[in-house]
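By convention here, the first residue in the shown sequence is residue 1. Atoms considered below: every heavy atom in the structure, side chains included; atoms not considered: hydrogens, waters and symmetry mates.
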Amino acid sequence: QVQLVESGGGLVQAGASLRLSCAASGRTASSYNMGWFRQAPGREREFVVLINRGGNYKYYADSVKGRFTISRDNAKNTVYLQMNTLKPEDTAVYYCAASSIWTYRSPEYDFWGQGTQVTVSS
């Protein structure tokens, strides 16, 4: 089992930055590929980005490419999502998740955090 706890969300104005953190506990998080997803009201959960176990491979959704950066510190069992140039359409609950396989499909993730709200005002 892996427990995931997100933090760092908040209310910001368009153009601002936020850094989300996802702290993992339990079974070694470095054993998993880690992803970030988001879900806006009335919409399906959407893939944002994922990172492999070693942190050297990353895959971004087109909607965030060039603005968001994922990283991980396996010594701290923590994954980060640096979000720059935020837009109102980035408003959503952001979730981190762990998967034993390399995938952007949410049903294939094994463990999920509770989510953190990001709200971007125009």
Side-chain angles (χ1 to χ4, degrees):
Q1 286 281 2
V2 175
Q3 293 78 43
L4 303 172
V5 179
E6 303 95 336
S7 61
L11 170 63
V12 297
Q13 291 189 331
S17 298
L18 277 176
R19 188 176 82 155
L20 305 183
S21 299
C22 173
S25 60
R27 188 174 176 183
T28 307
S30 60
S31 301
Y32 294 88
N33 300 304
M34 298 295 295
W36 284 96
F37 293 78
R38 65 187 182 186
Q39 188 167 19
R43 301 188 65 176
E44 293 188 353
R45 190 167 296 186
E46 173 189 27
F47 165 76
V48 177
V49 60
L50 73 140
I51 189 168
N52 73 329
R53 294 173 182 82
N56 55 329
Y57 288 102
K58 305 166 188 181
Y59 179 67
Y60 294 89
D62 288 343
S63 58
V64 305
K65 199 174 296 182
R67 299 188 299 122
F68 290 13
T69 302
I70 191 172
S71 61
R72 67 189 298 166
D73 184 339
N74 286 337
K76 295 182 178 180
N77 273 343
T78 303
V79 178
Y80 304 98
L81 182 63
Q82 178 67 44
M83 306 186 295
N84 297 330
T85 319
L86 282 161
K87 304 175 181 180
E89 50 264 43
D90 294 319
T91 295
V93 177
Y94 283 71
Y95 300 89
C96 69
S99 175
S100 56
I101 63 174
W102 179 255
T103 180
Y104 59 85
R105 302 179 189 275
S106 59
E108 295 174 341
Y109 278 74
D110 304 299
F111 305 103
W112 291 83
Q114 82 291 345
T116 185
Q117 176 70 47
V118 172
T119 303
V120 184
S121 63
S122 58

- prompt: Does the side chain to side chain contact (heavy atoms under 4.5 Å, CB included) test come out yes or no for Glu44 and Ser106, once each step is laid out?
  reply: CA-CA 11 Å; Glu44 293 188 353; Ser106 59; over 6 Å; no
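- Checking Asn74, Ile70, Asp73, Leu20 one by one against Val79, the side-chain contact (heavy atoms from CB on, under 4.5 Å) holds for a single residue, Ile70.
- Considering CG of Asn77 and SG of Cys22, their distance stands at 10.0 Å, rounded to 0.5 Å.
- When hydrophobic clusters are built by joining Ile, Leu, Val, Met, Phe, Trp and Tyr residues whose side-chain heavy atoms come closer than 4.5 Å, directly or via intermediates, Val118 is grouped together with Trp36.
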field: Candidate pair Asn84 and Gln82, rule side chain to side chain contact (heavy atoms under 4.5 Å, CB included), full reasoning
entry: CA-CA 7 Å; Asn84 297 330; Gln82 178 67 44; 2.9 Å; yes
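- Summarising the geometry of Ala92 relative to Ala40, their closest heavy-atom pair is CB-N, 3.8 Å, with the distance given to 0.1 Å.
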- request: For side chain to side chain contact (heavy atoms under 4.5 Å, CB included), just list the numbers for Arg53 and Ser30, CA-CA rounded to whole Å, side-chain angles, deciding distance to a tenth of an Å, and then say yes or no.
  value: CA-CA 6 Å; Arg53 294 173 182 82; Ser30 60; 5.9 Å; no
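- The shortest distance between side-chain heavy atoms of Glu46 and Ser63 falls below 4.5 Å.
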- request: With side chain to side chain contact (heavy atoms under 4.5 Å, CB included) as the test, would you mind laying out the steps for Gln114 and Glu6 before giving the verdict?
  value: CA-CA 7 Å; Gln114 82 291 345; Glu6 303 95 336; 2.9 Å; yes
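- Using a 4.5 Å heavy-atom cutoff, the side chains of Val2 and Leu4 are in contact.
- Hydrophobic clustering of Ile, Leu, Val, Met, Phe, Trp and Tyr side chains at less than 4.5 Å, counting indirect connections, unites Phe111 with Met34.
- Ser99 contributes a side-chain N or O that, together with a main-chain N or O of Glu108, makes up a donor-acceptor pair within less than 3.5 Å.
- At a threshold of 4.5 Å between side-chain heavy atoms, the hydrophobic network of Ile, Leu, Val, Met, Phe, Trp and Tyr places Phe68 and Leu18 in one connected group.
- For Tyr94, the side-chain hydrogen bond (donor to acceptor under 3.5 Å, both in side chains) criterion is met by Arg38, not counting sequence neighbours.
- Side-chain contact between Met83 and Leu81 is present, with heavy atoms from C-beta onward closer than 4.5 Å.
- Side-chain N or O atoms of Thr91 include one that pairs as donor or acceptor with a backbone N or O of Val120 at under 3.5 Å.
- The minimum heavy-atom distance linking Asp62 with Lys65 is given by the pair OD1-NZ, 3.1 Å.
- With Arg67 contributing its side chain and Thr85 its backbone, the two residues share a donor-acceptor pair below 3.5 Å.
- If you chain together ILVMFWY residues whose side-chain heavy atoms come under 4.5 Å of each other, Trp112 ends up grouped with Phe37, Phe47, Leu50, Tyr57, Tyr59, Val93, Tyr95, Trp102, Tyr104, Tyr109.
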- request: Dump the intermediate steps for salt bridge (Lys or Arg N to Asp or Glu O under 4.0 Å) on Asp90 and Lys87, then the final yes or no.
  value: CA-CA 5 Å; Asp90 294 319; Lys87 304 175 181 180; over 6 Å; no
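- A donor-acceptor pair under 3.5 Å is formed between the side chain of Asn33 and the backbone N or O of Ile101.
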